[in-house]
Amino acid sequence: MSYFENKTVVITGGSGVLCREFAKAMASEGAKVAVLGRTLSKLDEVVKEIEENGGTTMSVVCDVVSEESVDAAKKIINEKFGKTDILINGAGGNNAAANTQKDYFEAGDKENDDVKSFFDVSLDGFRYVFDVNITGTVIPTKAFMTDLIETKGNVLNISSMSAYHPMTRVAAYSAAKAAVSNFTEWVAVHFAKAGVRCNAMAPGFFLTQQNHDLLVNPDGTNTSRADKIIAGTPMGRFGEPEELIGTLLWITDNEKAGFVTGIVVPVDGGFNAYSGV
Ligand SMILES: NC(=O)c1ccc[n+]([C@@H]2O[C@H](COP(=O)([O-])OP(=O)(O)OC[C@H]3O[C@@H](n4cnc5c(N)ncnc54)[C@H](O)[C@@H]3O)[C@@H](O)[C@H]2O)c1
């Protein structure tokens with residue numbers, strides 16, 4: 001019998017490109033999967049697919065930056081699926097308002113109206129990105145932790161390559177994901193004696209909604225940034241969402257990874273190991 005059989009798994013951002021694969025994988029292992037996100041119609045697409053394959057699942061509309069919304073989601077999940085065994089904090093993303101237009105600042109950029117330099121990035125954009133990635137990880141962790149202490153469950157956060165070394169242009173996203181890695185370690189230590197593990201996965205580069213405009217030109221060809229990423233990935237390609245599943249099923253399994261806590265696992269085709277030379 002699979003470790004996940006009848007376990008209650010909560011996945012925020014569960015209708016996103018990567019986390020819908022997580023939801024499907026967990027359901028096919030026999031878990032009861034609560035798929036959380038802001039838009040019911042998108043959640044329902046994932047739920048329908050899982051149910052067609054015989055899985056047990058439910059959609060729960062939830063905004064991870066609102067404590068009230070997350071608490072309400074927990075209540076619904078507890079009523080239908082019981083206490084949570086695994087929390088996956090998958091909701092995340094970037095906001096173009098927080099990006100600089102160029103990799104490097106050059107003299108005259110601040111005065112040039114055609115260049116969006118660091119001086120033009122919006123603080124609201126920064127706050128949005130910090131909110132969704134780090135506050136949106138803290139709030140569900142806080143809300144579901146009472147369950148996890150009872151079930152001796154575990155948390156999986158989603159970090160990023162930009163947590164190790166910030167990526168050009170995306171200052172807010174990089175700082176927020178560094179905070180996610182750091183918070184992962186903090187939670188692992190703080191709840192270790194309560195029997196709750198906490199780890200993170202740091203995916204390399206996968207083509208999804210959140211990075212589409214940075215990586216794909218309107219005519220469908222790769223942007224120069226996408227070419228740079230491929231050149232910086234020793235395996236020479238983007239990842240496929242299914243390639244995260246092995247790590248997901250290992251690290252959240254208390255039998256296989258019961259002594260593993262406070263780590264961030266890169267799944268990146270070698271990006272993080274490569275110096276570029
Ligand atoms: N795609 C990549 O290459 C990549 C690389 C590293 C890390 N990540 C991370 O992986 C996770 C999944 O991203 P993805 O690439 O599948 O992108 P995605 O945009 O397809 O999925 C993100 C999901 O989070 C949801 N979300 C955003 N704000 C929310 C909020 N306030 N409340 C609830 N849900 C919210 C979005 O609606 C979306 O469904 C994110 O944390 C992302 O930062 C992605």
Side-chain angles (χ1 to χ4, degrees), residues 10-25 34-47 59-73 87-96 98 125 127-140 143 155-167 170 172-181 183-184 200-216 225-226 229-230 232-233 237-245 247-248 264-269 271-272:
V10 174
I11 309 184
T12 73
S15 60
V17 177
L18 300 183
C19 286
R20 70 172 56 205
E21 295 305 320
F22 293 8
K24 288 192 270 178
V35 187
L36 276 59
R38 290 166 303 181
T39 314
L40 184 61
S41 56
K42 288 189 188 160
L43 299 172
D44 282 346
E45 280 172 28
V46 181
V47 161
S59 317
V60 188
V61 174
C62 174
D63 182 344
V64 292
V65 304
S66 156
E67 277 194 284
E68 205 184 6
S69 173
V70 175
D71 287 344
L87 167 66
I88 301 174
N89 283 311
N94 194 23
N95 185 298
R127 288 195 185 99
Y128 176 90
V129 175
F130 281 3
D131 261 4
V132 62
N133 292 286
I134 181 65
T135 313
T137 294
V138 174
I139 291 175
V155 182
L156 178 67
N157 295 327
I158 311 298
S159 186
S160 159
M161 284 300 112
S162 64
Y164 299 91
H165 304 289
M167 276 184 296
V170 294
Y173 183 73
S174 300
K177 288 300 192 186
V180 169
S181 291
F183 181 64
T184 300
M201 191 192 285
F205 296 86
F206 297 72
L207 264 183
T208 62
Q209 279 154 255
Q210 68 146 10
N211 55 25
H212 189 270
D213 293 349
L214 282 168
L215 303 181
V216 184
R225 190 176 178 84
I229 288 168
I230 302 288
T233 302
R237 61 175 176 82
F238 290 119
E240 298 296 333
E242 310 81 68
E243 291 177 303
L244 298 168
I245 302 305
T247 301
L248 168 80
V264 183
V265 182
V267 185
D268 65 346
F271 184 91
N272 193 44

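By convention here, the first residue in the shown sequence is residue 1. Just so you know, ligand 1 is whichever comes first in the structure, and atom 1 is the first atom listed for that ligand.
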Could you list the donor-acceptor pairs under 3.5 angstrom formed by side chains in residues 14-21, with sequence neighbours left out?
{"unit_1": "R20", "atom_1": "NE", "unit_2": "S15", "atom_2": "O", "d": "3.2"}
{"unit_1": "R20", "atom_1": "NH2", "unit_2": "S15", "atom_2": "O", "d": "2.9"}
{"unit_1": "E21", "atom_1": "OE2", "unit_2": "K24", "atom_2": "NZ", "d": "3.2"}

Minimum non-hydrogen distance to atom 5 (C) of ligand 1, winning option of G204, G37, P241 | G204

Might you work through the side-chain contact (heavy atoms from CB on, under 4.5 Å) test for L244 and F206, ending with a clear yes or no?
-> CA-CA 10 Å; L244 298 168; F206 297 72; 3.6 Å; yes

Test item: L207 and V216 side chains (from C-beta on) under 4.5 Å apart, heavy atoms | yes

Atom 37 (O) of ligand 1 [closest protein heavy-atom partner, distance rounded to 0.1 Å] = R38 NH2, 3.2 Å

Could you list which atoms of ligand 1 come closer than 4.0 Å to a heavy atom of N211?
-> 1 (N), 2 (C), 3 (O)

Mind listing the closest non-hydrogen atom pair of V155 and N89 along with its distance?
-> CG1-ND2, 3.6 Å

Verdict with supporting geometry, F22 and M201, side-chain contact (heavy atoms from CB on, under 4.5 Å) | CA-CA 12 Å; F22 293 8; M201 191 192 285; 4.0 Å; yes

Which residue owns the protein heavy atom closest to atom 15 (O) of ligand 1, what's the atom, and how far is it?
-> T208 OG1, 2.8 Å

Within-shell test, K42 vs ligand 1, heavy atom, strictly < 4.0 Å = no

What protein heavy atom sits nearest atom 34 (N) of ligand 1, and how far off is it?
-> A91 CB, 3.6 Å

What atoms of ligand 1 come closer than 4.0 angstrom to any heavy atom of C62?
-> 32 (N), 33 (C)

Closest non-hydrogen atom pair, G92 against N133 = CA-OD1, 3.3 Å

Counting heavy atoms under 4.0 Å, the part of V132 that contacts ligand 1 is side chain

Closest protein heavy atom to atom 25 (C) of ligand 1, given as residue, atom name and distance to 0.1 Å | G13 CA, 3.9 Å

Just go through I158, V17, V129 and tell me whose heavy atom is the nearest to atom 10 (O) of ligand 1.
-> I158

Closest heavy-atom approach to atom 11 (C) of ligand 1 among G90, A176, G92 is made by G90

Determine whether the side chains of S162 and S160 contain a donor N or O and an acceptor N or O closer than 3.5 Å.
-> yes

Nearest-contact summary for atom 31 (N) of ligand 1 - protein heavy atom, Å | D63 OD1, 2.8 Å

Verify side-chain contact (heavy atoms from CB on, under 4.5 Å) between V64 and I139, making sure each step is shown before the conclusion.
-> CA-CA 7 Å; V64 292; I139 291 175; over 6 Å; no

For F205, the ligand 1 atoms with a heavy-atom partner under 4.0 Å come out as 3 (O)

Top protein contact for atom 8 (N) of ligand 1, by heavy-atom distance = Y173 OH, 3.6 Å

Under a 4.0 Å heavy-atom limit, does K177 contact ligand 1 with its side chain, its backbone, both, or neither?
-> side chain

Does S159 come within less than 4.0 angstrom of ligand 1, counting non-hydrogen atoms of the residue?
-> yes

Checking side chain to side chain contact (heavy atoms under 4.5 Å, CB included) against I88, which of I11, T12, N157 comes through?
-> I11

With a 4.5 Å limit on heavy-atom distance, are the side chains of V180 and I158 in contact?
-> no

Taking heavy atoms and a distance under 4.0 Å, where does L18 meet ligand 1: side chain, backbone, both or neither?
-> both

Identity and separation of the nearest protein heavy atom to atom 38 (C) of ligand 1 = G16 CA, 4.1 Å

State which residues pass side-chain contact (heavy atoms from CB on, under 4.5 Å) with A226; sequence neighbours excluded, sorted by chain then number.
-> L215, N222, T223, F238

Side chain or backbone of F206 under 4.0 Å from ligand 1, or both, or neither, by non-hydrogen atoms?
-> both

Are there more than 12 heavy atoms of other residues, nucleotides or ligands under 6.0 Å from atom CD of E242?
-> yes

Among protein heavy atoms, which lies nearest atom 6 (C) of ligand 1, and at what distance?
-> P203 O, 3.5 Å

